[in-house]
Amino acid sequence: MLLYIRVLVSALLQEFRILGPKGVWTLEKKGEKPALNISFDDAQPTLTHMALLALVEHGYVQYIVTQNIDGLHLKSGLSRRNLAEVHGNMFIEQCRKCRRQFICPTASKTVGQKTMGYPCQSGLDGNSRSCRSGILHDTVLDWEDNLPEPDFQLALMHSTMADLNITLGTTLQIVPSGNLPLKNLKTGGKLVICNLQPTKHNKHAHLIISTYTDQILSKLCKLIGVEIPKYSEACDPTKCFTYLEWALSQDCIKSLEKTFKEHQAAIRKDCHQLQVPKFMPKAKKRRKSET
């Protein structure tokens, strides 16, 4: 079973919301910086982040999509192949030339894909080809920025193929990301919404749970016998104090694209087989006359 999950806003960084009078994008437009009670560098993954990591590792969850920019999924140790960051990541920088992404030991001081002023880190590890003239920039989106490829396309394909889409801690207001959980409904998929407040897509949900995500996932993991690990700095790539590459392999992307095409072809075949035969209009007319 494929499960698609949009994750919660971290309880540690509630003030750093994207929207609202004190949201990061709102303050960015005013040239102001948000006031936080904890820094991105010091923030640690919540129980929910660690539970999702465990569910992925045990095969219960196939893919996670996040609108959050706090990098807490990265810090939890979640693999890049299981994560789409559709609004960017404070700890990820990208080269404008070769498009490679790198994990930075400290959070970016800017948002809006601004140039960092130093060169691409490719080739420094001796395992990849050097990018001679590329300059790094932050990956956090501003309002006018396009959603990153291939993250959004991967999120779209996974959410379309999923048997069950689960949203955690989001009102689903931001589009197009907020509409992704609905993509599986036309093919018989299910939608579960977990959020304290009502969301714009509540009417489409098969199940709504209005409580804290930590409570939900704690009880779920206990029920299915999955142990939730503790956060460990040893598994946190931002604590390596060196640049590490954070890139999806092309083989991973091509494999999913192939699976998605096969999925779409199967749906078209099923729809074709279920088409109304030519004689059905007469039957419909007869039933109408009988009533």
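The analysis underlying the following values was restricted to heavy atoms, covering all of them including side chains, and did not include hydrogens, waters or symmetry mates.
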Any non-hydrogen side-chain atom of Val65 less than 4.5 Å from a side-chain atom of Ser159?
no

Flag side-chain contact, heavy atom, 4.5 Å: Ile92 against Arg80:
no

I'd like to know if the side chain of Arg96 and the backbone of Arg99 have a donor-acceptor N/O pair within less than 3.5 Å.
no

Are any side-chain N or O atoms of His158 and backbone N or O atoms of Ala155, one a donor and one an acceptor, separated by less than 3.5 Å?
no

OG1/Thr170 to CD/Gln67 distance, rounded to the nearest 0.5 angstrom?
4.5 Å

Side-chain heavy-atom pair Ile69, Thr139 within 4.5 angstrom cut-off:
no

Verdict with supporting geometry, Asp138 and Thr110, side-chain hydrogen bond (donor to acceptor under 3.5 Å, both in side chains):
CA-CA 7 Å; Asp138 75 74; Thr110 65; 2.7 Å; yes

Using modelled atom types only, decide if a donor and an acceptor are shared between the side chain of Lys219 and the backbone of Ile216 within a distance under 3.5 Å.
no

Check: Tyr231 main-chain N/O paired with Lys75 side-chain donor or acceptor under 3.5 Å
no

Would you find a donor on one side and an acceptor on the other, under 3.5 Å apart, between the side chain of Asn165 and the backbone of Leu191?
no

Find out whether Ile228 and Leu217 are in side-chain contact, i.e. whether some heavy atom of one side chain is under 4.5 Å from a heavy atom of the other.
no

Got a donor-acceptor contact below 3.5 angstrom from the Thr160 side chain to the Leu156 backbone?
yes

Does the side chain of Val140 reach to within under 4.5 Å of the side chain of Ser108, using non-hydrogen atoms?
no

N/O donor-acceptor pair under 3.5 Å between Ser76 side chain and His73 backbone:
yes

From Glu93 atom CD to Trp246 atom CH2, the distance as rounded to the nearest 0.5 Å:
14.5 Å

Is there a donor-acceptor pair under 3.5 Å between the side chain of Asp145 and the backbone N or O of Asp142?
yes

I'd like to know if the side chain of Asp151 and the backbone of Glu85 have a donor-acceptor N/O pair within less than 3.5 Å.
yes

If you count heavy atoms of other groups shown closer than 6.0 angstrom to NZ of Lys222, is the number above 12?
no

Donor-acceptor pair, Thr187 side chain versus Asn184 backbone, under 3.5 Å?
yes

Once the angle between the rings of His204 and His201 is folded into 0 to 90°, is it parallel (under 30°), tilted (30 to 60°) or perpendicular (over 60°)?
tilted

More than 12 heavy atoms from other groups under 6.0 Å of NZ on Lys261:
no

Do His87 and Ser177 have side chains that get closer than 4.5 Å, going by heavy atoms?
yes

To the nearest 0.5 Å, tell me how far Met157 CE sits from Phe152 CZ.
11.0 Å

